[in-house]
Protein chains: 2
Amino acid sequence: MKVLVADDDGDLRDLVAFTLTQAGYLVIKVPDGPTALKRFEEESPDLVVLDINMPGLSGFQVCEAIRKRSAVPVIMLTVRGEEEDLVRALGLGADDYLNKPFSPRTLLARLKALLRRAGVESSAPLSSGRIRLDLEEYTVRVGGGEPVQLTKLELRLMQMLLANAGHTVNSDRLLAQVWGHRSGGDRALLKQLVHRLRQKVEIDPAAPVLLLTSAAGYKLIAD
Amino acid sequence: MKVLVADDDGDLRDLVAFTLTQAGYLVIKVPDGPTALKRFEEESPDLVVLDINMPGLSGFQVCEAIRKRSAVPVIMLTVRGEEEDLVRALGLGADDYLNKPFSPRTLLARLKALLRRAGVESSAPLSSGRIRLDLEEYTVRVGGGEPVQLTKLELRLMQMLLANAGHTVNSDRLLAQVWGHRSGGDRALLKQLVHRLRQKVEIDPAAPVLLLTSAAGYKLIAD
DNA sequence: GGGGCCGGTCACAAAGCGGTTACAGGCTCA
DNA sequence: TGAGCCTGTAACCGCTTTGTGACCGGCCCC
């Protein structure tokens with residue numbers, strides 16, 4: 001589980017990094033906006049912590065840029081009382097915020113909640129019922145069968161569905177989580193991806209029993 | 001469970017509405033004081049969220065007006081540090097307040113606490129009497145019967161009627177809520193939709209006992 | 001009694017959506 | 001550079017949902 005921490009205040013950055021490292025996360029520290037974007041590309045972290053005031057590019061700009069290509073959870077660090085900042089941050093797609101100063105405990109709690117919501121459960125081979133996902137190997141196994149190789153998008157979709165096994169996941173949410181926020185017509189993409197995934201995991205792709213269509217979206221039946 | 005949200009800041013209004021909708025509440029959004037009062041009369045919501053600074057009528061004035069005719073729980077949105085505002089709001093009968101900026105989680109927690117305190121059954125926002133709506137699966141269950149699959153429009157209609165269970169909902173309002181604002185002749189659509197819904201939920205669609213026609217519109221009998 | 005209005009019902013047309021197939025562009029890697 | 005895979009796009013099919021028009025019967029008012 002990788003977390004990118006961007007803050008120009010060295011002390012605060014170290015505090016955050018220390019807290020997260022202690023909790024078992026792999027932390028990437030950067031001191032400014034441009035570096036944040038660069039490392040984001042290189043590392044594709046599972047979560048981003050962004051200070052608003054940074055040299056080079058503000059946290060807003062970084063957030064916006066990240067949102068253009070990813071739905072990764074973003075936490076913004078704000079100064080208490082600057083509510084326009086907050087509104088702006090949430091408008092740009094930040095998922096949560098923390099007022100400075102904050103306690104390490106609070107940070108951890110929020111971060112875990114966000115990761116849970118995003119379905120990026122930390123324990124490695126994610127599994128539910130008879131479905132087991134291996135995030136490192138990019139494979140799924142159904143029941144006692146052979147592991148099946150997945151692509152990056154297929155894995156993300158599977159992960160989201162698995163995190164919500166047994167419950168319908170809204171198409172829009174899937175779209176946002178798998179591709180990141182994008183414009184309209186992308187239902188077709190989801191349709192395609194589901195089709196491809198079914199070809200791989202269903203015994204009879206024409207009569208799915210695992211990955212079902214539901215009125216509002218799709219759901220995974222894991223047991 | 002219906003919540004009226006009044007705030008002139010569109011972003012914040014959307015954020016609040018999003019949070020509450022996610023949590024299963026039916027949200028009515030208004031941008032200013034006069035509209036808030038108007039919709040309050042029309043919808044009789046179960047709870048009101050009021051910003052203090054609004055064009056037309058301030059949150060104070062709206063709160064005062066509401067208190068003259070109803071004991072509905074009211075949450076005021078205040079700016080941190082403006083203690084006079086706070087005192088005044090509570091003096092006018094507001095039940096709780098939130099300092100801006102606030103987290104969606106906090107809002108939900110306070111709101112639930114208030115509803116619980118007000119004795120409005122809050123646990124399952126989408127059920128009333130023997131009717132239970134599942135927004136995730138797009139189904140209704142009546143009494144102990146099997147869940148019935150609904151379409152998107154049928155679900156929206158059901159949600160509106162359920163939020164007003166026992167009371168007649170005006171046809172025009174149903175039209176506006178289910179289809180969004182459109183031109184005149186759409187009575188026919190509502191007629192059709194009601195017909196289709198009755199086919200699905202009534203034991204004898206020709207002699208409805210749940211979804212009744214009333215002078216000005218329709219009403220749901222949930223008990 | 002007759003006409004108009006309104007809600008319920010029916011039948012059919014139009015639009016939308018999911019599943020499928022096919023293909024093209026881009027990327028990686030040999 | 002070329003093969004192979006991944007991803008995005010378009011087109012088609014069939015089914016479901018939604019919209020529209022027509023008809024019927026009750027009710028009210030003239």
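Protein chains get the first letters and strands the later ones, always in sequence-line order, with residue 1 at the start of each.
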Exercise. Does a side-chain N-to-carboxylate-O contact under 4.0 Å join A:Arg196 and A:Glu154?
Worked result: no

Problem set entry | Salt bridge present between B:Lys29 and B:Asp14 (N-O < 4.0 angstrom) | yes

Exercise. Is B:Gln199 atom CD crowded by more than 12 heavy atoms from other residues, nucleotides or ligands, each under 6.0 Å away?
Worked result: yes

For this session: Using atom types as modelled and distance alone, determine if a side-chain donor or acceptor of B:Lys219 lies under 3.5 Å from a backbone N or O of B:Val169.
Result: no

Exercise. Ion pair present between A:Arg141 and A:Asp134, side-chain N to carboxylate O less than 4.0 angstrom?
Worked result: no

For this session: Provide, to the nearest angstrom, the distance between the CG atom belonging to B:Leu193 and the P atom belonging to C:dC10.
Result: 16 Å

Problem set entry | Integer-rounded Å distance: D:dT17 P and B:Arg156 CZ | 15 Å

Problem set entry | Nucleic acid footprint by protein, nucleotides 11-30 of chain C - heavy-atom cut-off 4.0 Å, B for base, S for sugar-phosphate alone | B------BBBBB--------

For this session: Look only at the side chain of A:Glu202 and the backbone of A:Leu210, and say whether a donor-acceptor pair between them is shorter than 3.5 Å.
Result: yes

For this session: Output the distance between atom CD1 (B:Ile131) and atom CD1 (B:Ile221), rounded to the nearest 0.5 Å.
Result: 9.0 Å

Seminar exercise, completed: Stems in DNA chain D, runs of 3 or more consecutive Watson-Crick or G-U wobble pairs with both distances under 3.5 Å, sorted by first number, are C:1-30 with D:1-30

Problem set entry | Salt bridge A:Asp172-A:Arg187, side-chain N to carboxylate O under 4.0 Å | yes

For this session: Tell me whether the OP1 or OP2 atom of D:dT18 has a side-chain N or O from B:Trp179 closer than 4.0 Å.
Result: no

Exercise. Taking CG from B:Asp186 and C1' from C:dC6, how many angstroms apart are they, rounded to a whole number?
Worked result: 16 Å

Exercise. CG of B:Leu197 versus C1' of C:dG8: gap in Å, rounded?
Worked result: 15 Å

Problem set entry | Ionic contact status for B:Glu43 with B:Arg173, cut-off 4.0 Å | yes

Problem set entry | Sugar-phosphate, base or nothing in reach of A:Leu153, heavy atoms under 4.0 Å | sugar-phosphate

Exercise. Taking the side chain of B:Leu189 as its heavy atoms from C-beta onward, which of D:dG19, D:dT17, D:dG8 lies nearest to it?
Worked result: D:dG19

For this session: Round to a whole Å and report the spacing from CG of B:Leu190 to P of C:dT9.
Result: 14 Å

